[in-house]
Amino acid sequence: MARANERVAGLLAEYAELLAMTGGDRFKIRSYEKAARGVGGYATDLATLDETDIRKIPNVGASIAGKVHQAVQTGTFPQLEELRGQIPAGVLTLMRIPNLGPAKALAVYRELGIADIDALLAAVENGDLRQLKGFGPRTEQVIRTGIELVRGGAGRVLMATALDLAESIVERLAPLADRCTYAGSLRRGRETVGDIDILAAAADSGPLMAAFVALPEADTVLVRGETKTSIRTALHPAAALPAAGTGAGKQPDADHAGAAGDSAGSTSAGGLQIDLRVVPQEVWGAALQYFTGSREHNVRVRELAVHAGLKLSEYGLFHAETDELIVAGTEQEVYERLGLRWVPPTLREDLGEVAAARNDELPELVTVDALRGDLHTHTNLTDGVATLDEMLTAAAERGYDYYAVTDHAPELFMQRMTLEKALAQRERLAELRGRYPGMRLLHGTELNIAPDGSVDWPEDVLAEFDLCVASVHSHFTLPAAEQTRRLIRACENPYVQIIGHPTGRLIGRREPIELDLPAVFEAAAATGTALEINGGPDRLDLRDEHIRWAAERGVTFAISSDAHAVPQLDFVRYATLTAQRGWLTPDQVLNCWPYERVLEFLTRPR
DNA sequence: GCCGTTTTCGGCCCGACTGTTTTCAGTCG
């Protein structure tokens, strides 16, 4: 089962939002937001803690510890229910619209009775919104485009959220099946998914279907059959925030692939459809291949079958004329009988993988196991919730050969970073070196790229860091030409070795900055500046197709967690899936290299 | 409501931007 931490963090964050709407004390609101981050980022499962231990979580004091304890036991706490009673859940969903915060959400609810996005759009269309104080024509337009952004991803959930849920369900169903796994776009590692497909092999589907509809996640049973059963998870405003995200507030949503659908929160798995299909063990491979997709990939593969006088379906590979079964047991057999190497699921998008499989030219894809270190992480010196020691201990447990701490730099004013703090951290890091004999410790920083492309701190300070990541954290709306110049200049900075989350997008919340991507990729390649693949579940930045473009131009990449808490070190998993979708091999990924080669990359004259 | 090499009160994440203002409120990173 998934940890209680994410669920409870969602409740605390929801309570903070409701407090913000009802005019609560702003420092109290901040406390709940911080507590939500502390709980979500805490390494230990809340379910195993008593109230005394809960108080040891950062930013959790006596009052919140009591509520957390109650929430673990009962799923909620009275003060939350009290506020839920005052504000309809739909009003919270309004806050997913960019530039629409608690004050404006409450205003449209109180003044116009608007409690969902549909009603808000209607009010924009008929001009009602303009009557409200503080709502002018510009606000109207901002809300209109914001609704488009949110709608674009409606009904889809982030890959990380879906993976957690799918793995948890597979774990519970597996004892009843010969084989059980998730398939579909989730297995292909897409950044968001519209539903979850679970496949099981069993002689008797009865017990599996019964267990499936009895899952606590099953709010509604949509279809109940012998071979296929579909459920829908409950809509719940609670998890309206990123599970272990770095900031409370807006909810990430979904991607470009927009589908019409309900307006439920998407970072939560609320309102998500889950299908379970049960097949005989003998056809496992054919069924898994079929239900993994993509549709386009399967069309291409079936085309090959037809040319060979065969036909392929979820039941197996057959002779076209005699209907004689040839193979169906494993995916490998299916692909091989068609003259193909087995195609990794992350490549199955009909983007050249079938031809590559036929010519034995598939890339040896990068894997999580191939990662030797993490080059973008934070601590509680800035906006992380774990100490340096805690992060290092967790990194060592992962078996990393090297690890970089890259806390924020002074120009991100809210983090109150100073040179003194950075230098003190560097000393502390030096003291800790002896404690981790197998892991090289790098002292880095995450710089801010100013609109003109310059970064924090003078050259002599930058020169003393082992590693500088540079990222865009402000001025997201400059024209493309200026943004392009900005990033190229950052690449040209001899002290900047990695560009962090290069496009700055937040899935479903913020569009990428406008860039001439080929120009930036060429600058990165020419200057030997690595581009990051950030594993934050709502970032995944660079994204899959951009990685491929950049790789074609000879760019080197860094697969980074950008962890702000111990559990978030796992975010490299999502970045790695994304890197696979960009066809990357370990040799193209900086942090798959041995330490000596990384050091050479970081220190070579530029 | 949390927190304390300022220890039980008085601070707390600061500054910029934007739209609707006539001096500021809301939102964001």
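Source: prediction; values computed, not measured. In what follows, every chain begins at residue 1, and chains take the letters A, B, ... in the order their sequences are listed.
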Please list, pair by pair, any protein nitrogen or oxygen found under 3.5 Å from a nitrogen or oxygen in nucleotides 3-11 of chain B.
from, atom 1, to, atom 2, distance (Å)
B:dC3, OP1, A:Asn59, N, 2.8

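Between A:Glu511 atom CD and B:dC28 atom P there is a gap of 15 Å when expressed in whole angstrom units. Atom NE2 in A:His564 sits about 14 Å away from atom P in B:dG29, given to the nearest Å. The CG-P distance, from A:Leu100 to B:dT27, rounds to 7 Å in whole Å. For the pair A:Arg26 CZ and B:dC2 C1', the interatomic distance rounds to 15 Å; values are reported in whole Å. If you measure from atom CG of A:Leu447 to atom P of B:dG29, you get 20 Å, rounded to the nearest angstrom. Rounding to whole angstrom units, CG of residue A:Asp538 and P of B:dC28 are separated by 14 Å. To the nearest angstrom, P of B:dA25 lies 19 Å from CG of A:Asn99. One atom, NZ of A:Lys104, and another, C1' of B:dC28, lie 12 Å apart when rounded to the nearest Å.
Comparing A:Tyr32 and A:Leu412 along DNA chain B, the residue whose closest nucleotide (by nearest heavy atom) sits nearer the 5' end is A:Tyr32.
Taking 4.0 Å as the cut-off between side-chain N and carboxylate O, A:Glu33 and A:Arg30 count as a salt-bridged pair. A salt bridge links A:Arg505 with A:Glu191: at least one charged nitrogen is closer than 4.0 Å to a carboxylate oxygen. Residues A:Arg485 and A:Glu482 are not paired through a salt bridge, judged by the lack of any N-O separation under 4.0 Å between the basic side chain and the carboxylate. Classification of A:Arg426 and A:Asp466 as a salt-bridged pair fails, no side-chain N sitting under 4.0 Å from a carboxylate O. A salt bridge links A:Glu431 to A:Arg428: at least one charged side-chain nitrogen sits closer than 4.0 Å to a carboxylate oxygen.
Nucleotides B:dT18 and B:dC9 have their C1' atoms positioned 37 Å apart, rounded to a whole Å. For the P atoms, the distance from B:dT20 to B:dG1 is 35 Å, rounded to whole Å. A distance of about 27 Å separates the P atoms of B:dT22 and B:dG15, rounded to the whole Å. B:dC3 and B:dC13 have their P atoms separated by 12 Å, given to the nearest Å. Nucleotides B:dT21 and B:dC12 are separated by 32 Å at their P atoms, to the nearest Å. On the P atoms, B:dA16 is 30 Å away from B:dG10, given to the nearest whole Å. To the nearest whole angstrom, the two C1' atoms, one in B:dT8 and one in B:dC2, are 12 Å apart.
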Exercise for review: Assign a letter to each nucleotide of nucleotides 13-23 of chain B from its 5' end: B, base within under 4.0 Å of a protein heavy atom; S, sugar-phosphate only; -, no contact.
Suggested key: BSS---SSS--
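Taking the side chain of A:Pro102 as heavy atoms from C-beta on, and the options B:dT27, B:dG29, B:dG1, the nearest nucleotide is B:dT27. Distances from the side chain of A:Phe476 to the nucleotides B:dC2, B:dG29, B:dC28 place B:dG29 closest.
Here A:Thr503 contributes atom OG1 and A:Gln483 contributes atom CD; the two are 10.5 Å apart, rounded to the nearest 0.5 Å. Separating the CG atom in A:Leu375 from the CG atom in A:Leu602 is a distance of 7.0 Å, to the nearest 0.5 Å.
Looking at residues two or more places apart in sequence or on another chain, you find a side-chain contact (heavy atoms from CB on, under 4.5 Å) between A:Glu459 and A:Tyr495.
Checking A:Lys67, A:Arg37, A:Glu17, A:Glu14 one by one against A:Tyr32, the side-chain hydrogen bond (donor to acceptor under 3.5 Å, both in side chains) holds for a single residue, A:Lys67. Among A:Arg510, A:Arg543, A:Arg509, the one residue that satisfies the salt bridge (Lys or Arg N to Asp or Glu O under 4.0 Å) test with A:Asp538 is A:Arg509.
With a 3.5 Å ceiling on both atom-pair distances, the Watson-Crick or G-U wobble partner of B:dG26 is B:dC17.
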